[in-house]
Amino acid sequence: MLKVRLPDGQVVEHADGVSALEVLRAVSAALARRAVAVKVNDRVVDVHTRLTGPQVELRALTINDPEGLEVARHSCAHVMAEALCTLWPQTKLAYGPPVDNGFYYDVELDHNLTPEDFARIEAKMAEIVREDRPFRRYELPRAEAMKKLHAEGNPFKIDNAERADGDTLSFYVTGEPGTSHFEDLCRGPHVPSTKQVGAFKVMQVAGAYWHGDAAQPMLQRVYGTTFPDKKSLDAYLAQLEEAKRRDHRRIGQELGLFTISPLVGTGLVLWKPKGAIIRHILEEQLRTELVAHGYQVVYTPHIGRLDLYRTSGHFPYYKESQYPPLYESDRARELNRLWELARAARDDQATAEELDLFNSLAQRYDDVRRGGYPQDAPAEERLRRIRTWLEQEDGYLLKPMNCPHHIQIFCSDAHSYRDLPVKLAEFGQVYRYEQSGEVGGMTRVRGFCQDDAHVFCTPEQLPGEILECVDLSKFVLELIGLNDYRVRVALRDPDSDKYIGSPENWRLAEDALRSTVHGSGLKYTEEVGEAAFYGPKIDFVARDCIGREWQLGTVQVDYNLPERFALTYVGADNAEHRPVMVHRTLFGSMERFVGILIEHFAGAFPLWLAPVQVRVCSISEKSKTYAQRVYDLCRAATLRCELDNSDERIGAKVRLATLAKVPYILVVGEMEAANNTVNVRTREGKQYGDFTLPEFLAASAREITSRGQEALAGAGQTPAVSRG
RNA sequence: GCUGCUGUAGCUCAGUGGUAGAGCGCCUCCUUGGUAAGGAGGAGGUCAUGGGUUCAAGCCCCAUCAGCAGCUCCA
């Protein structure tokens, strides 16, 4: 006999080999009907799975359980695959898993699928669902299965099978085996019947590499989703609409916050006045906070000599994602080429290409000829000589990071341990040549301004400095009300060679970060292999008001650049010591941060951040003069104010101000002019009634300085009355 | 970078080989009004760019540039 333990603790007895479905039927016919899969001892399997052993734990999964939904999504992918194969018989299926929020199926198909095809695909899927066909699993010994797959000739499925574990391979038939119904190599599990795949929708189609490998052929990835019922599908679609409605590219265009001109360049943001003011306010807030924490503000240029980045390691390590260097001369260009060749060689023997280039240069330049290029010299020596020649003429790089410049500021003075920590902050513009497919809007750009800072401190000061950075990050997140955030600790992958510096330094840095984060009480996760090439880091990940996560600031510990640049300070023992650096940004980049804020607030910025805080709307020509006076006084009180003295009617003016998401609309007519008041309406449509102008100015000033803690509505006022 | 889709007025978008369109915005005039659209008129376009096919191209083909989605990458 088999003992089956159910989730409520009940234990039922059945014959060994009974199917999970039969057990469920004995418990509840309704539950058995609703089950899309079962969980047997923590493993999700088909409801037809036969149970063996002295005792098993069994739980039915319905489509409302997250794991059941995942099974339904996987099954729905099969239904979609069948639909595709029916509509386009030449379709070759590759891989179709469930994913967050849905599923996809990668297919090879000479017809390019477009959204116009979706309705047909969905109609065919609906047909398959209506047929209420069973998902039937059968298994074949590996050799036999491989023979069958080779006979069918789908290279993707053969590949999948070769990657699968186990002595047998499983197939799922949608319908009866042996009939012409759809069949697919698949690990499962699946729902019992095609009618149980939920409320589905084909969402989009895009290219995807086989195995995510750019060298592999590009397939068509058809995305779909399915939910337990129509209502939750609609809710999901509404959420997507909401995200689209908040898209910062759309809102940025509508509200005139920023623009991108192809003539200036892809990924290069032009901040229009209304976007720039938001950034300006954020920068001011942070600068004040930084100074209070002992930071010193610096400015550095947008470019630096290549040799600076050779020392830092940024060049040519990230050459692929940098704008090409600006060479001072052809000589510099060629010497840099030689340097790159020698660097790539990393050998005691110069390559033939290297020697050819050297000889060519030696013929033209005396110092190069005199310097010579011993072909059996170690690469280090060859590199050193080339850098000597490059001292005359070199190239410049648009700076990809601010740290080398800040290091040069640190280096320009001798430092005692009494001076440390030195904390240099800059809103520093950097440039990275991101792949064209990665660029878009403000959040993914090629030129951006980091709210960057570098802390130079003693090893003993490190934990305290990390903690301060973490506190500043909290300040920034809470400043704009992103109160739901977590921390990601990014560590080195010990098996990778992309990192510079000694394992000992890495251990020190990783320990310092981990213990600080642990001690801070923040929620955090550790991720191996996500560190920067010079050190481990912690990233702040915030959740916006519709639940999306965004990576913002980062704090990175660095023992390596101080070594590369031979940074020192004099200790209490009068000996030279090496400082530790902390790189940190809080907003991340101003572009990205403001982009995220646009989406978070859906363009309706709180009063203290709103590009336009107030719009004065005159009722008629008779009140134009008074409106102008109100506008002037608002401006004089430093409110960001607009005046609508057009010939439109008040309804149209209110509508336009509302669409422009101006927080306060001041309606002024003859009555207000007579009483020296303004009639206040919000962009949400609330009418706050009449305020004297000084009352309104004082209340809005309080709202601004308190950043919304003291909102205007709290002030005493008369309720809205209709007049006419 | 790769694959696909898209590119028409300042913005959003119609326009399936035969005279370049709408709404919003803008300008002018009329209207003088009370909290989400008053009325009329007008200006504004080498249909992204460059080639090609055709008697004829916004439309078909090729290339380039740009945008979008996904993949890949990301100090």
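Only a predicted model underlies this, so the values are computations on that prediction, with no experimental measurement involved. Just so we're on the same page: letters track the sequence lines, and every chain starts at 1.
- The 12-atom threshold is not exceeded at CG of A:D100, counting heavy atoms of other residues, nucleotides or ligands nearer than 6.0 Å.
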* Once Watson-Crick and G-U wobble pairs under 3.5 Å are found, how is RNA chain B written in dot-bracket notation, 5' to 3', with | for any base paired to another strand? -> (((((((..((((....[..)))).(((((.......))))).....(((((..]....))))))))))))....
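- B:G21 and B:A9: their P atoms are spaced 14 Å apart (whole Å).
- Contacts of A:T259 classified as side chain to side chain contact (heavy atoms under 4.5 Å, CB included), with partners at least two apart in sequence or in another chain: A:L270, A:K272.
- When each of A:Y95, A:Y105, A:W210 is tested with A:F156 by the rule ring-ring contact (aromatic ring centres under 6.0 Å, His included), just one qualifies, namely A:W210.
- Taking a 4.0 Å limit (strictly below) on heavy-atom distances, residues 305-313 of chain A does not reach RNA chain B anywhere.
- Comparing the P positions of B:C13 and B:A20 gives a spacing of 24 Å, expressed to the nearest Å.
- Among residue pairs with one or both ends in residues 645-655 of chain A, those qualifying as salt bridge (Lys or Arg N to Asp or Glu O under 4.0 Å) are A:K624-A:D647; sequence neighbours excluded.
- A:D159 and A:K157 are not joined by a salt bridge, as no carboxylate oxygen comes within less than 4.0 angstrom of a charged side-chain nitrogen.
- Applying the salt bridge (Lys or Arg N to Asp or Glu O under 4.0 Å) test to A:R615 and every residue at least two apart in sequence or in another chain returns A:E642.
- Checked against A:E426 for a side chain to side chain donor-acceptor pair (under 3.5 Å), the options A:Q450, A:H405, A:H406 give a single hit: A:H406.
- In this structure, A:R432 contributes its side chain and A:Q322 its backbone to no donor-acceptor pair below 3.5 Å.
- Comparing B:G58 with B:C47, their P atoms sit 7 Å apart, to the nearest whole Å.
- Between B:G50 and B:A57, the distance separating the two P atoms is 15 Å to the nearest Å.
- For A:D307, the salt bridge (Lys or Arg N to Asp or Glu O under 4.0 Å) partners at least two apart in sequence or on another chain are A:R310, A:R387.
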Which donor-acceptor pairs under 3.5 Å do side chains of residues 440-447 of chain A form with protein atoms, sequence neighbours excluded?
residue : atom : partner : partner atom : Å
A:R444  : NE   : A:E438  : O            : 3.2
A:R446  : NE   : A:E434  : O            : 2.9
A:R446  : NH2  : A:E434  : O            : 2.8

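- Taking the P atom of each, B:C2 and B:U8 are spaced 24 Å apart, rounded to whole Å.
- Looking at residues two or more places apart in sequence or on another chain, you find a ring pair (Phe, Tyr, Trp, His ring centres under 6.0 Å) between A:Y317 and A:F533.
- Under the rule for a ring pair (Phe, Tyr, Trp, His ring centres under 6.0 Å), A:Y309 has no partner lying at least two apart in sequence or in another chain.
- B:C71 and B:G18 have their C1' atoms separated by 43 Å, with the value rounded to a whole Å.
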Listed pairs, N/O of protein and of nucleotides 42-49 of chain B, under 3.5 Å:
none

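- Looking at heavy atoms from C-beta onward, A:Y104 lies out of side-chain contact with A:M80 at the 4.5 angstrom threshold.
- Ring geometry, A:F593 versus A:F587: the interplanar angle falls from 30° to 60°, so the pair is classed tilted.
- Residue A:E648 is in base contact, counting any heavy-atom pair closer than 4.0 Å across all strands shown.
- B:A63 and B:G4 are spaced 10 Å apart, taking the P atom of each and rounding to whole Å.
- A:I619 comes within 4.0 angstrom of a nucleotide base, judged by non-hydrogen atoms across all strands.
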Return the polar atom pairs (N/O with N/O) between nucleotides 10-12 of chain B and the protein under 3.5 Å, or none.
residue : atom : partner : partner atom : Å
B:C11   : O3'  : A:Q253  : NE2          : 3.4

* Could you encode protein contacts along nucleotides 64-71 of chain B as a string, one character per nucleotide from 5' to 3', using B for base contact, S for sugar-phosphate-only contact and - for no contact, with a heavy-atom cut-off of under 4.0 Å? => --SSSSBB
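- The shortest distance between the side-chain N/O atoms of A:K622 and the OP1/OP2 oxygens of B:G33 is below 4.0 Å.
- Residue-environment remark: CD (A:E320) stays at or below the threshold of 12 foreign heavy atoms within 6.0 Å.
- Among the protein residues, A:Q322 comes within range of the nucleic acid bases, having at least one heavy atom under 4.0 Å from a base atom.
- Within the nucleic acid shown, A:Y534 comes within 4.0 Å of sugar-phosphate atoms alone, with no base atom in reach, counting heavy atoms only.
- The one candidate from A:R249, A:R246, A:R548 that meets the side chain to side chain donor-acceptor pair (under 3.5 Å) condition with A:E599 is A:R548.
- Figure legend: A:R120 and A:W88 shown as a cation-pi pair, the cationic atom lying under 6.0 angstrom from the six-membered ring centre and within 45 degrees of its axis.
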